[in-house]
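This chain uses plain numbering: 1 for the first residue, then up along the sequence. Keep in mind that this is a model prediction, so the values were computed, not measured.
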Amino acid sequence: LLEREPDILLTDLHLPGLQGEDLAHLARARLPRARVVFVSGAHHESSVADAYLPKPYDAAQLEALLGRLV
């Protein structure tokens, strides 16, 4: 069990066995306040995601995005 709920779900859009959007829907059901960030090489519009981080990205881009979300 987690001592504290996660603030952010950072997931790829394309996962083996489960798509990122499906994972985001599951996460939203259990963690309604968590922010969802999709990472992908191809842009994808989604009402589930709070943000999108295009691949490839560097640490500065990730840090800036996380700073805007929390």
Side-chain angles (χ1 to χ4, degrees):
L1 291 175
L2 300 173
E3 290 182 23
R4 185 170 171 254
E5 290 184 355
D7 296 320
I8 296 175
L9 169 65
L10 180 68
T11 183
D12 201 300
L13 270 170
H14 303 289
L15 304 168
L18 181 70
Q19 294 301 308
E21 196 159 278
D22 296 329
L23 176 61
H25 282 291
L26 292 171
R28 289 267 190 219
R30 295 191 70 170
L31 306 165
R33 292 188 310 263
R35 301 295 198 96
V36 175
V37 178
F38 285 145
V39 179
S40 182
H43 188 75
H44 177 80
E45 292 295 323
S46 172
S47 62
V48 180
D50 295 297
Y52 169 80
L53 185 62
K55 287 183 191 176
Y57 61 89
D58 59 32
Q61 290 170 301
L62 177 59
E63 182 178 12
L65 176 74
L66 296 177
R68 288 191 307 268
L69 291 176
V70 292

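- Counting heavy atoms from C-beta on, the side chains of Phe38 and Thr11 come closer than 4.5 Å.
- The shortest non-hydrogen separation linking Leu9 to Ala24 is CD2-CA, 4.1 Å.
- Looking at residues two or more places apart in sequence or on another chain, you find a side-chain hydrogen bond (donor to acceptor under 3.5 Å, both in side chains) between Asp50 and Arg28.
- Every residue meeting the ring-ring contact (aromatic ring centres under 6.0 Å, His included) condition with Tyr52, not counting sequence neighbours, appears here in chain and number order: His43.
- The shortest heavy-atom contact between Ala34 and Pro6 is CB-O, 3.7 Å.
- With sequence neighbours left out, His25 forms a side-chain hydrogen bond (donor to acceptor under 3.5 Å, both in side chains) with no residue at all.
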All N/O donor-acceptor pairs, side-chain side in residues 58-70, below 3.5 Å, sequence neighbours left out:
from: Asp58; atom 1: OD1; to: Ala60; atom 2: N; distance (Å): 3.1
from: Asp58; atom 1: OD1; to: Gln61; atom 2: N; distance (Å): 2.8
from: Gln61; atom 1: OE1; to: Asp58; atom 2: N; distance (Å): 2.8

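- Legend: residues meeting side-chain hydrogen bond (donor to acceptor under 3.5 Å, both in side chains) with Gln19, ordered by chain and number and at least two apart, are His14.
- Put simply, CD1 on Ile8 and CG on Leu31 are 12.5 Å apart, with the number rounded to the nearest 0.5 Å.
- Between atom CG of residue Asp7 and atom CZ of residue Arg35 there is a gap of 9.5 Å, rounded to the nearest 0.5 Å.
- Partners of Ser40 under the side-chain hydrogen bond (donor to acceptor under 3.5 Å, both in side chains) rule, at least two apart in sequence or in another chain, do not exist in this structure.
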